[in-house]
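Reviewing the structure listed below.
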Amino acid sequence: MSLTPLTDVSAADWFVDAPADQWTKICLGPPGYAAYARLHLVPADDEDDDGDGDIDLTRFTAEALRRILPRYTATPDDCFFGQWEGSGWEPPTPPARQTFPSAPETPGELPWRRYHLYSGSLQDSAGWDGGDPAHLMWPADRAWFVAKDVDPDWVAVAGSHELIDQILAEPTLAAAPSAYQALDWEQR
């Protein structure tokens with residue numbers, strides 16, 4: 001299978017309409033999951049052997065997620081992927097023209113992000129530019145949600161306590177539990 005660009009973006013309506021501020025949804029996903037974790041993409045200075053800060057754990061994180069997440073959904077072959085239209089990252093397939101906003105559009109307030117929507121299997125997500133995950137990912141059954149915005153240096157995973165426990169126990173991930181708020185996104 002491969003990723004399919006969608007012209008009907010209604011599969012993202014539940015995300016758009018979720019009752020949370022845009023920044024928190026962009027960085028952590030929608031509210032309502034039992035647990036959240038942040039997977040750090042840049043190690044702390046004491047974990048960087050030469051201290052130059054050029055270690056990027058994105059590829060390792062994406063690979064671990066593709067290995068772990070299928071066990072925690074009944075629909076690993078029916079997933080959705082949101083790609084921010086302004087990121088500059090190249091998706092594996094050209095997008096459709098339609099986009100969806102990070103929040104309902106209201107007069108005088110623009111959404112912070114607009115996303116192209118794709119569908120496919122979780123394993124299809126390996127084709128994103130540089131191995132990065134899509135900016136937003138969720139299975140059709142919404143058992144979990146992954147958010148990777150361009151600003152924070154972490155990926156957020158939302159899901160069951162069992163999923164987040166597995167994420168936290170994974171030795172290849174630099175993961176920590178997270179509250180459902182993104183105001184501290186610049187702090188590590």
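For the single chain, residues carry numbers from 1 onward in sequence order. Reckoned from all heavy atoms, side chains included, excluding hydrogens, waters and symmetry mates.
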Yes or no on side-chain contact (heavy atoms from CB on, under 4.5 Å) for Lys148 and Leu41, after CA distance, side-chain angles and deciding distance?
CA-CA 10 Å; Lys148 168 56 185 112; Leu41 301 177; 3.3 Å; yes
Which heavy-atom pair separates [X] from [Y] by the least distance, and what is that distance?
X      : Y      : value
His116 : Ala96  : ND1-O, 2.9 Å
Ala134 : Phe81  : CB-CB, 3.9 Å
Ala34  : His161 : O-CE1, 3.4 Å
Thr7   : Gln98  : O-CG, 3.3 Å
Ala18  : Lys25  : O-NZ, 3.4 Å
Ala147 : Cys27  : CB-O, 3.6 Å

Counting distance only, does the side-chain N/O of [X] pair as donor-acceptor with the main-chain N or O of [Y] below 3.5 Å?
X      : Y      : result
Gln123 : Arg66  : yes
Tyr180 : Gly29  : yes
Asp149 : Ile26  : no
Trp138 : Val146 : no
His40  : Asp153 : no
Thr75  : Asp141 : yes

Assess the residue pair His135 and Tyr115 against the criterion (side-chain contact (heavy atoms from CB on, under 4.5 Å)); give the C-alpha distance rounded to whole Å, side-chain angles, the decisive distance to 0.1 Å, and a yes or no.
CA-CA 9 Å; His135 294 114; Tyr115 299 91; 3.9 Å; yes
Under 3.5 Å, is there a donor-acceptor pair between the [X] and [Y] side chains?
X      : Y      : answer
Gln22  : Ser102 : yes
Asp124 : Ser2   : no
Thr172 : Glu170 : yes

Verdict with supporting geometry, Trp23 and Arg113, side-chain contact (heavy atoms from CB on, under 4.5 Å)
CA-CA 9 Å; Trp23 187 242; Arg113 302 276 192 267; 4.0 Å; yes
Using 0.5 Å steps for rounding, measure from the [atom1] atom of [X] to the [atom2] atom of [Y].
X      : Y      : atom1 : atom2 : result
Leu168 : Arg38  : CG    : CZ    : 12.5 Å
Ile167 : Ile68  : CD1   : CD1   : 4.5 Å
Tyr36  : Trp144 : OH    : CH2   : 14.0 Å
Met137 : Phe145 : CE    : CZ    : 9.5 Å
Asp165 : Leu163 : CG    : CG    : 9.0 Å

If you define the side chain from C-beta out and look only at heavy atoms, does anything of Asp78 sit under 4.5 Å from Pro139?
no
For residues Ser119 and Cys79, determine if any side-chain heavy atom of one lies less than 4.5 Å from a side-chain heavy atom of the other.
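Answer no - side chains too far apart.
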Taken in chain and number order and not counting sequence neighbours, the residues that satisfy ring pair (Phe, Tyr, Trp, His ring centres under 6.0 Å) with Tyr72 are none
Flag yes if more than 12 heavy atoms outside Arg97 fall under 6.0 Å of its CZ atom; otherwise flag no.
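Not more than 12 within 6.0 Å, no.
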Picking from Leu39, Leu28, Thr61, what satisfies side chain to side chain contact (heavy atoms under 4.5 Å, CB included) with Trp154?
Leu28
Among residues at least two apart in sequence or on other chains, which ones pass salt bridge (charged side-chain N to carboxylate O under 4.0 Å, His left out) with Arg114?
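Applying salt bridge (charged side-chain N to carboxylate O under 4.0 Å, His left out) to Arg114 gives Glu105.
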For side-chain contact (heavy atoms from CB on, under 4.5 Å), just list the numbers for Leu117 and Leu136, CA-CA rounded to whole Å, side-chain angles, deciding distance to a tenth of an Å, and then say yes or no.
CA-CA 9 Å; Leu117 190 62; Leu136 307 173; over 6 Å; no
Would you tabulate the side-chain donor-acceptor contacts of residues 9-16 under 3.5 Å, counting partners in other chains and residues two or more places apart, or write 'none'?
from: Ser10; atom 1: OG; to: Asp8; atom 2: OD1; distance (Å): 2.8
from: Ser10; atom 1: OG; to: Asp8; atom 2: OD2; distance (Å): 3.4
from: Trp14; atom 1: NE1; to: Ala11; atom 2: O; distance (Å): 3.4

